[in-house]
**Student:** 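Sharing a structure with you now.
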Amino acid sequence: MQAIVSLSKSQQASIDNSFSTDIDLHADLISVKLLSDIIESILLPFIDISLLLTEQVQYLSCYAHLSFAIFCSHGCTFMPYQLYYDTHTMVKNIMFCIHKQQVLDPGEKFFLRDSGDDRLELHFGRTRMIRGHNSGCSYSQVLNRLGAAKDIDGVFKRHPELDPGHRRLKLGT
């Protein structure tokens with residue numbers, strides 16, 4: 001995903017050139033730039049520890065608005081319904097946690113990593129498990145794997161006796 005962001009940044013001059021003779025290439029680069037902005041706005045708040053909480057919230061808000069606009073026009077061809085719901089629920093929960101912390105103790109610091117969700121951790125673990133831990137996959141493969149992982153979660157929710165659990169998410173011995 002970071003390769004898409006890097007590609008977009010490396011082609012910024014071509015994107016800014018509105019008088020390009022290759023219209024198809026220009027349109028493709030603009031699409032890559034938009035996808036790059038979406039990916040960057042959901043990843044950076046969690047991987048860049050130098051960001052202030054305000055900046056993290058701005059990135060998450062940018063993600064929510066961009067993904068909403070594209071999802072409204074393209075639906076599940078942009079991303080599966082489950083992924084859209086999960087990511088927007090994650091952003092909403094983070095916003096609520098920040099507000100709740102401000103009401104409870106405005107002087108106390110808040111970190112995004114503290115708003116983690118074991119269900120989200122399990123979902124990404126299952127996504128990584130699908131297809132033999134292949135970390136080098138395309139965007140459409142990631143979307144398909146996230147959808148498949150969501151289906152697996154549904155099966156385990158209906159039949160918890162089938163879920164073996166995850167040893168790395170357990171705090172005890």
**Student:** Can you hop from Leu52 to Ile47 via hydrophobic side chains spaced under 4.5 Å?
**Tutor:** no
**Student:** Any chance you could measure Tyr84, atom OH, to Cys72, atom SG, to the nearest 0.5 Å?
**Tutor:** 5.5 Å
**Student:** Same hydrophobic cluster for Tyr85 and Val155, using side-chain heavy-atom links shorter than 4.5 Å among ILVMFWY?
**Tutor:** no
**Student:** Hey, what do you get for CG (Leu43) to CD1 (Ile38), rounding to the nearest 0.5 Å?
**Tutor:** 12.0 Å
**Student:** Only one of Ile94, Ile98, Leu44 passes side chain to side chain contact (heavy atoms under 4.5 Å, CB included) with Leu60; say which it is.
**Tutor:** Ile94
**Student:** Could you grab the distance from atom OG of Ser140 to atom CZ of Arg145, nearest 0.5 Å is fine?
**Tutor:** 9.5 Å
**Student:** What distance do Gln101 atom CD and Leu53 atom CG have between them, rounded to the nearest 0.5 Å?
**Tutor:** 10.0 Å
**Student:** Should the pair Lys33-Asp37 be classified as a salt bridge under the 4.0 Å nitrogen-to-oxygen rule?
**Tutor:** yes
**Student:** Measuring from Lys100:NZ to Asp105:CG, what's the distance to the nearest 0.5 Å?
**Tutor:** 13.5 Å
**Student:** Going by heavy atoms in the side chains, are Gln58 and Cys62 under 4.5 Å from each other?
**Tutor:** no
**Student:** Are Asp48 and Glu55 close enough that some pair of their side-chain heavy atoms sits under 4.5 Å apart?
**Tutor:** no
**Student:** Given side chains that start at C-beta, do those of His88 and Phe68 come closer than 4.5 Å, heavy atoms only?
**Tutor:** yes
**Student:** Quick check for you: to the nearest 0.5 Å, what is the distance between Asn144 atom CG and Leu83 atom CG?
**Tutor:** 11.0 Å
**Student:** Same hydrophobic cluster for Phe96 and Tyr59, using side-chain heavy-atom links shorter than 4.5 Å among ILVMFWY?
**Tutor:** no
**Student:** Work out which heavy atom in Cys76 is nearest to a heavy atom in Phe71; give both atom names and the distance.
**Tutor:** N-CE1, 4.1 Å
**Student:** Using side chain to side chain contact (heavy atoms under 4.5 Å, CB included) as the criterion, point out the one residue from Leu143, Ile70, Leu146 that pairs with Met79.
**Tutor:** Leu143
